[in-house]
Structure formats: structure tokens, C-alpha cells
Amino acid sequence: MKEKKVPLRKCVVSNEMKPKQELIRVVRSKEGEVFVDETGKKNGRGAYVSKDTAIIEKAKKQNTLARHLNTQIDDSIYEELERLAKGQNS
């Protein structure tokens, strides 16, 4: 039996290739709305961030997500990313 190929994605902050399950996807829709996509399947421009609070802090400091998604990122998005990184699902 063939092993199933694990989809890899690149973290926009650390530029590391990681399995999709180890990353959190942030999406900007056509309407300009920015939100965290926990399913990884919503439509829109996506950027992946590692599930690591240090990397999320770095993204906030360097404004990495804003550059990748070409829009302003609200602090609530970073708060939600940190909550997911710590494993506290709503």
C-alpha cells in the first residue's frame, strides 16, 4: 500500500515547510474581511502561520500577515491565533 502524501505549506513568518496540520490559516476574503480559517478550506487569499506563540508574536511585531494579505490585521486575529496555538478551542 502507498502511504498518503502529507500536504506541506510554508509558514509566512519562519519560511519553514511544515505539514498543514501544524499550521493555522488566516484568510482575506474578496470583501476584504480577515478571519482565521480552522478548516483550511474557505475561499480567499490565505497565509499560513505556525502554531507557536513565539512565531505569532513575531508576525504581529513585523506585520507579516498584513504584508502577505495586503490589508490591515486586527489585534483580535492575533489573539485568536494565540488561543489556537495554546490549544484552547472556543
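By convention here, the first residue in the shown sequence is residue 1. Since this is a predicted model, take the numbers as computed values, not measurements.
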Study note, to complete from the structure: Heavy atoms of I24 and A85 approach each other most closely as CD1-N, 4.2 Å

Review point. Does any N or O in the side chain of D37 come within less than 3.5 Å of the main-chain N or O of V27, such that one atom is a donor and the other an acceptor?
Key: no

Side chains of residues 46-61: which donor-acceptor pairs under 3.5 Å do they make with residues two or more places apart or in other chains?
{"unit_1": "S50", "atom_1": "OG", "unit_2": "K18", "atom_2": "NZ", "d": "3.2"}
{"unit_1": "K51", "atom_1": "NZ", "unit_2": "Q21", "atom_2": "O", "d": "3.2"}
{"unit_1": "D52", "atom_1": "OD1", "unit_2": "A54", "atom_2": "N", "d": "3.1"}

Check your understanding: Which hydrophobic side chains are connected to M17, either touching it within the sub-4.5 Å cutoff or through other members that do?
Key -> L8

Review point. Would a hydrophobic clustering, with Ile, Leu, Val, Met, Phe, Trp and Tyr connected at side-chain separations under 4.5 Å, put V12 with L23?
Key: no

Exercise for review: Tell me whether V13 is reachable from V26 by hopping between hydrophobic residues (I, L, V, M, F, W, Y) whose side-chain heavy atoms are closer than 4.5 Å.
Suggested key: yes

Revision key, fill the gap. In short, side-chain hydrogen bond (donor to acceptor under 3.5 Å, both in side chains) pairs touching residues 8-17 with sequence neighbours left out are S14-E16

Review point. Taking only residues two or more places apart in sequence, or in another chain, which ones meet R28 in a salt bridge (Lys or Arg N to Asp or Glu O under 4.0 Å)?
Key: none

Point to revise | With sequence neighbours excluded, residues passing side-chain contact (heavy atoms from CB on, under 4.5 Å) with E3 | key: none

What side-chain donor-acceptor pairs closer than 3.5 Å can you find for residues 64-81, not counting sequence neighbours?
{"unit_1": "R67", "atom_1": "NH2", "unit_2": "Q62", "atom_2": "O", "d": "2.9"}
{"unit_1": "D74", "atom_1": "OD2", "unit_2": "S76", "atom_2": "OG", "d": "2.8"}

